[in-house]
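Report on the following structure.
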Amino acid sequence: MPGNTGNAVGSNVTTVNVDALPGQDTLGIAIVHIDFAPYGGLKPPHTHPHATKVLVVLEGAPLVGFVSSNQDNNPLFTKVLNKGDAFVFPVGMIHFQLNIGNTPAVAFAGLSSQNPGVITTANTVFGSDHPPIRMC
Ligand SMILES: *[C@@H]1O[C@H](CO)[C@@H](O)[C@H](O)[C@H]1NC(C)=O
């Protein structure tokens, strides 16, 4: 079933990790189904601290990318994917997916941990309110 993308970012992730399916414990894999609203549906920059992700596009044309580490001067790697294309996001790298097509986009992804974890970058920098992060 498609997830409802009528939210602030225009995307919806359905996750099958060890919390959803305890039988995955120790198997080293999780699966997500991602729905993107037409033009602008976004999975905002985030990282999975415990897993590399391979994403396969089922429908639509998302722009995807990741930023590599400080050691490499943080280069940005991007690609517009089409139906049937796959892209690998290395473990720990901040990455995103943005639907630039005018139809909904759908992707499946496999992650190399039953508990990949997710940290949304903006939420950590701007969303912490206990206590808030103050720059001055
Ligand atoms: C994702 O879609 C499901 C199913 O329609 C819905 O219950 C859920 O609230 C949606 N999540 C977000 C963050 O919009």
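The residues of the chain are indexed from 1 along the displayed sequence. Remember, it's 1-based here, ligands and their atoms both numbered in the order they're listed.
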Using a 4.5 Å cut-off on heavy atoms from C-beta on, say whether the side chain of V57 contacts that of V64.
no
Are the side chains of H46 and F89 in contact, using a 4.5 Å heavy-atom criterion?
no
As a test of the contact definition, would atom 11 (N) of ligand 1 count as having a protein heavy-atom neighbour under 4.0 Å?
yes
Do any non-hydrogen protein atoms sit less than 4.0 Å from atom 7 (O) of ligand 1?
no
Out of curiosity, F87 CZ to L63 CG, how far, rounded to the nearest 0.5 Å?
9.0 Å
Nearest protein heavy atom with distance in Å, relative to atom 14 (O) of ligand 1:
N7 ND2, 2.8 Å
Identity and separation of the nearest protein heavy atom to atom 4 (C) of ligand 1
N4 N, 4.0 Å
Which atoms from ligand 1 have a heavy atom of G3 less than 4.0 Å away?
2 (O)
Of the listed options V13, N12, V9, D35, closest to atom 3 (C) of ligand 1 (non-hydrogen atoms)
N12
Look at the side chain of S112 and the backbone N and O of T52, then say whether any donor-acceptor pair between them is shorter than 3.5 Å.
yes
Take atom CG in D72; do more than 12 heavy atoms of anything else shown fall under 6.0 Å from it?
yes
